[in-house]
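Every number for a ligand or one of its atoms is a count from 1 in the order of the listing. Throughout, numbering of the chain's residues begins at 1 and tracks the sequence.
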Amino acid sequence: MSTMQGRFGLVTGAGSGIGRASAVRLARAGAAVLVTDIDGDAAEATAATIRSAAGGVAFSMRTDIADEDSVQAMVAACVERFGRLDFAHNNAGIVGTQHRLVDYSTAEYDRILAINLKGTFLCMRAELQVMVPQRSGSIVNTASAASIKGSAADAVYTASKHGVAGLTKVAALENARRGIRVNSVCPGVILTGILEEVERTNPEQFQKTKSLMPINRYGLPEEIAEAVLWLCSDASSLMTGQMMAVDGGWSTM
Ligand SMILES: NC(=O)c1ccc[n+]([C@@H]2O[C@H](COP(=O)([O-])OP(=O)(O)OC[C@H]3O[C@@H](n4cnc5c(N)ncnc54)[C@H](O)[C@@H]3O)[C@@H](O)[C@H]2O)c1
């Protein structure tokens with residue numbers, strides 16, 4: 001039997017990149033998945049991919065994680081459709097524009113924090129409102145290697161992802177005796193849309209950054225999805241409150 005057979009849950013930011021890979025992988029392991037993204041068409045495309053694979057169960061919904069009503073509606077839709085919420089991969093996030101801290105505008109600070117930190121908080125709160133009475137569940141946040149270390153030129157993104165670490169650890173402790181586990185996956189530099197754009201427009205920079213990776217290559221969304229699947233499943237039953245780096249050694253430098 002697949003690890004996620006009979007499990008029901010959701011993935012945010014699943015219209016592309018890591019979220020899409022995770023939704024597809026969870027479904028391939030037997031889970032029924034609510035696929036959500038602020039881009040509703042992209043979410044539906046991922047759900048259609050899952051359904052087109054033999055036996056895949058998925059439906060989609062446009063969700064803006066920075067909007068409280070939208071997040072509440074997402075979790076309510078999952079419960080209405082599936083009757084429960086066994087797992088949630090809170091993955092949606094943005095990099096934003098990168099500057100030295102001294103050059104960030106307040107508007108850009110607010111935009112990045114509203115999605116990456118407040119959005120993750122809104123999702124976790126709505127999910128826990130279902131999981132606590134249910135007395136079971138696994139929440140996995142997509143944090144970042146930037147939750148573990150600092151690097152010049154993305155202070156606000158780094159702060160938002162350090163904030164996700166705080167939410168993860170506290171929610172794990174608060175719910176450890178209620179059958180609920182909360183962890184984060186911390187990707188390194190992963191080959192998704194933004195990086196593919198750099199490869200097209202600035203191949204020299206693309207190669208230079210790659211050579212800084214300890215394993216001399218970028219990560220793939222599918223490699224993060226394997227970690228998410230493990231954290232969502234019972235195979236990781238002793239893991240809670242952890243920031244799991246999946247980064248080819250990037251965060252140890
Ligand atoms: N790619 C990397 O190198 C990397 C490294 C570390 C962490 N991450 C994190 O991984 C997550 C996914 O990033 P990705 O690289 O797959 O990027 P991506 O841009 O391919 O995917 C992000 C998805 O989130 C959606 N989204 C954006 N704002 C949203 C909102 N307000 N509500 C709902 N959906 C929204 C986008 O439409 C998009 O489909 C992010 O949290 C990012 O910070 C990525």
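The shortest contact between atom 39 (O) of ligand 1 and any protein heavy atom is with D37 OD2, 2.6 Å. Protein heavy atom in closest approach to atom 1 (N) of ligand 1: T192 OG1, 3.2 Å. For atom 5 (C) of ligand 1, the closest non-hydrogen atom of the protein is G188 O, 2.9 Å. Here the protein heavy atom with the shortest distance to atom 13 (O) of ligand 1 is I18 CD1, 4.4 Å. Protein heavy atom in closest approach to atom 21 (O) of ligand 1: S16 OG, 3.1 Å. Nearest protein heavy-atom contact of atom 34 (N) of ligand 1 is I38 N, 3.2 Å. The closest protein non-hydrogen atom to atom 24 (O) of ligand 1 is G13 CA, 3.5 Å.
A donor-acceptor contact under 3.5 angstrom links the side chains of T168 and N141, judged on distance only.
For ligand 1, the atoms sitting less than 4.0 Å from at least one non-hydrogen atom of V189 are 3 (O), numbered in the order shown with element in parentheses. In the vicinity of D64, heavy-atom distances shorter than 4.0 Å reach the ligand 1 atoms 30 (C), 31 (N), 32 (N). Less than 4.0 angstrom separates some heavy atom of T63 from each of these atoms of ligand 1: 32 (N), 33 (C). Each of the atoms 6 (C), 7 (C), 8 (N), 9 (C), 42 (C), 43 (O) of ligand 1 lies under 4.0 Å from some heavy atom of Y157. The distance from ligand 1 to the heavy atoms of T142 drops below 4.0 Å at these ligand atoms: 9 (C), 10 (O), 11 (C). Applying the 4.0 Å criterion to heavy atoms of G17 picks out, from ligand 1, the atoms 16 (O), 20 (O).
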Item to check | Stepwise side-chain hydrogen bond (donor to acceptor under 3.5 Å, both in side chains) test for H162 and S147 | outcome: CA-CA 4 Å; H162 271 63; S147 301; 5.4 Å; no
Item to check | Derivation of the salt bridge (charged side-chain N to carboxylate O under 4.0 Å, His left out) call for E222 and R20 | outcome: CA-CA 9 Å; E222 291 72 19; R20 179 171 57 199; over 6 Å; no
Item to check | Candidate pair R25 and E223, rule salt bridge (charged side-chain N to carboxylate O under 4.0 Å, His left out), full reasoning | outcome: CA-CA 10 Å; R25 185 68 187 94; E223 293 177 291; over 6 Å; no
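Ionic pairing of D247 and K149 is not present here: no N-O contact between side-chain nitrogen and carboxylate oxygen is shorter than 4.0 angstrom. A salt bridge is absent between K169 and E174: the closest approach of a Lys/Arg side-chain nitrogen to an acidic carboxylate oxygen does not fall below 4.0 angstrom. Salt bridge R51/E44: present, at least one basic N to carboxylate O contact under 4.0 Å.
Between Y104 and Y157, the distance from one ring center to the other does not fall under 6.0 angstrom. A centroid separation of less than 6.0 Å is found between the aromatic rings of F206 and Y218.
On a distance-only criterion, I65 and ligand 1 share at least one N/O pair closer than 3.5 Å. Considering both main-chain and side-chain atoms, I190 comes within under 3.5 Å of ligand 1 through a nitrogen or oxygen pair. Inclusion of G193 in the set of residues having an N or O under 3.5 Å from an N or O of ligand 1 is not warranted. Residue S144 has no N or O atom closer than 3.5 Å to an N or O atom of ligand 1. Note: no N/O pair closer than 3.5 Å links D39 and ligand 1 by distance alone.
Cluster annotation: L229 is not connected to V57 through the hydrophobic network of ILVMFWY side chains, with a link wherever side-chain heavy atoms come within less than 4.5 Å. Grouping the Ile, Leu, Val, Met, Phe, Trp and Tyr side chains by contacts below 4.5 angstrom, directly or via other members, places L10 with M124. Cluster membership for L113 and L122, using ILVMFWY side-chain heavy atoms within less than 4.5 angstrom, is shared.
For A143, the closest heavy-atom approach to ligand 1 falls below 4.0 Å. Under the 4.0 angstrom criterion for non-hydrogen atoms, T12 is not in contact with ligand 1.
Of the heavy atoms in K161, only side-chain atoms (C-beta onward) come closer than 4.0 Å to ligand 1. The parts of N91 lying near ligand 1 are both backbone and side chain, judged by heavy-atom distances below 4.0 Å. The proximity of A14 to ligand 1, defined as any non-hydrogen pair under 4.0 Å, does not occur for either the backbone or the side chain.
Heavy atoms only, all atoms of each residue included: S136 and Q134 are closest at O-NE2, 3.0 Å.
Counting heavy atoms of neighbouring residues, nucleotides and ligands inside a 6.0 Å radius, atom CG of L212 exceeds 12 of them.
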